[in-house]
Amino acid sequence: MKKRIKKITLLITLIVMVCSFGLAQTEGKYTFDKSDWKQFEEQNGVLFSQKVVEYHDDVNDQHKEYYLVRVTNTTEEDMQIHAKRTLWYDGKCFNCDSDAEEYMLDFKIEAGEELVGDPVKRLNDHLVIFKKFLKYRDIAEVTKFEFDKLTVKIR
């Protein structure tokens, strides 16, 4: 009986330790705003806004800056969004001549819905655009992005 109690106690201790480790990893990730939302496009009642945030993952020692995009559907219709995400590194267009799939956006947004990129929760990754590393100043940074060939159509 004592051996069984010891085994159960050990098992419970291990479970608590594993859960605590998982929580510590997610608690070490956070963002804070470096700018306010700024609208950069509107098409067929869908608004596109951006802001810059710092992202910190203390557990993995990652410190970055991102552009977050917010897409707001102000209509009563579901919409389909298509665009090419064009990036400029240190003022020079990086992918202007590329039609690679990795730069293409294709997603739907429901009537009245708002989508926002979130690097911490890994939500709407297509709306999170890497800007720069905060610890490494000599690496090129994204100084500008655009949604080229943007189309917003009723689904």
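- In this structure, NZ on Lys64 lies 4.0 Å from CD on Gln62, to the nearest 0.5 angstrom.
- Ser49 pairs by the side chain to side chain contact (heavy atoms under 4.5 Å, CB included) definition with Trp37, Gln39, Arg70, not counting sequence neighbours.
- In the model, Thr86 has a side-chain atom that pairs as donor or acceptor with a side-chain atom of Asp148 under 3.5 Å.
- Shown here for Asp57 and Lys29, the closest heavy-atom pair between the two residues is OD2-CE, 3.3 Å.
- Residue pairs meeting the disulfide (SG to SG under 2.5 Å) criterion with at least one partner in residues 124-154, sequence neighbours excluded, are absent.
- Across Glu41 and Gln43, no two heavy atoms sit closer than the pair OE2-NE2, 4.3 Å.
- Legend: residues meeting ring pair (Phe, Tyr, Trp, His ring centres under 6.0 Å) with Phe107, ordered by chain and number and at least two apart, are His126.
- Under the 3.5 Å distance criterion, with hydrogens and angles disregarded, no donor-acceptor pair is assigned to the side chains of Asn44 and Glu77.
- Linking ILVMFWY side-chain heavy atoms closer than 4.5 Å, directly or via other members, places Leu105 and Val71 in a single hydrophobic cluster.
- Evaluation of the salt bridge (charged side-chain N to carboxylate O under 4.0 Å, His left out) rule for Lys153 yields no partner, not counting sequence neighbours.
- Identified under the disulfide (SG to SG under 2.5 Å) test for residues 115-155, with sequence neighbours left out: none.
- A disulfide (SG to SG under 2.5 Å) check over residues 48-115, counting only residues at least two apart or in different chains, returns the pairs Cys93-Cys96.
- With hydrophobic clusters built from ILVMFWY side chains whose heavy atoms lie under 4.5 angstrom apart, Phe40 does not share a cluster with Tyr66.
- Enclosure of atom CG in Asp36 is not indicated, since only 12 or fewer non-hydrogen atoms of other residues, nucleotides or ligands lie within 6.0 angstrom.
- Val120 and Leu123 end up in different hydrophobic clusters when Ile, Leu, Val, Met, Phe, Trp and Tyr side chains are linked at under 4.5 Å.
- Within the 4.5 Å cutoff, no side-chain heavy atoms of Thr72 are placed close to those of Phe48.
- When side chains are defined from C-beta on, Tyr55 does not count as touching Val128, because their heavy atoms never get closer than 4.5 Å.
- Of the possible donor and acceptor atoms, one in the side chain of Asp118 sits under 3.5 Å from a partner among the backbone N and O of Lys121.
- Ring pair His63/His56 is tilted by interplanar angle, where 30° to 60° counts as tilted.
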Contacts under 3.5 angstrom, residues 130-139 side chains, donor-acceptor by atom type, not counting sequence neighbours:
from	atom 1	to	atom 2	distance (Å)
Lys131	NZ	Glu141	OE2	2.8
Lys135	NZ	Asp61	OD1	3.2
Lys135	NZ	Asp61	OD2	2.5

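- In terms of modelled atom types and a separation under 3.5 Å, the side chain of Glu42 and the main chain of Gly45 share a donor-acceptor contact.
- No donor-acceptor distance shorter than 3.5 angstrom exists from the side chain of Asn95 to the backbone of Ser98, with no hydrogens or angles considered.
- Atom CG of Leu127 is separated from atom CG of Leu68 by 9.0 Å, given to the nearest 0.5 angstrom.
- For Val142, the side chain to side chain contact (heavy atoms under 4.5 Å, CB included) test picks out Tyr67, Leu87, Tyr89, with sequence neighbours left out.
- In this view, Asn73 and Val46, Thr75, Met79, Ile109 satisfy the side chain to side chain contact (heavy atoms under 4.5 Å, CB included) rule, not counting sequence neighbours.
- Among all heavy-atom pairs drawn from Lys84 and Asp97, the shortest one is NZ-N, 4.3 Å.
- Aromatic ring pairs are classed by plane angle as parallel below 30°, tilted from 30° to 60° and perpendicular above 60°; the pair Phe94 and Tyr103 is perpendicular.
- Applying the side chain to side chain contact (heavy atoms under 4.5 Å, CB included) rule to Lys149 yields the partners Asp99; only residues at least two apart in sequence or on another chain are considered.
- Lys51 places a side-chain heavy atom less than 4.5 Å from the side chain of Asp33.
- Every side-chain hydrogen bond (donor to acceptor under 3.5 Å, both in side chains) that Glu65 has, sequence neighbours left out, goes to Lys34.
- Between the OG1 atom of Thr74 and the CG atom of Leu47 there is a distance of 5.0 Å, given to the nearest 0.5 Å.
- Judged as a ring pair (Phe, Tyr, Trp, His ring centres under 6.0 Å), and not counting sequence neighbours, His82 has no contacts.
- Taken to the nearest 0.5 Å, the CG atom of Asp90 stands 6.0 Å off from the OG1 atom of Thr143.
- The pair Lys108-Asp78 does not meet the salt-bridge criterion, since no charged nitrogen lies less than 4.0 angstrom from a carboxylate oxygen.
- With hydrophobic clusters built from ILVMFWY side chains whose heavy atoms lie under 4.5 angstrom apart, Phe145 shares a cluster with Leu150.
- Two different hydrophobic clusters hold Ile129 and Val116 under the rule that ILVMFWY side chains link at heavy-atom gaps under 4.5 Å.
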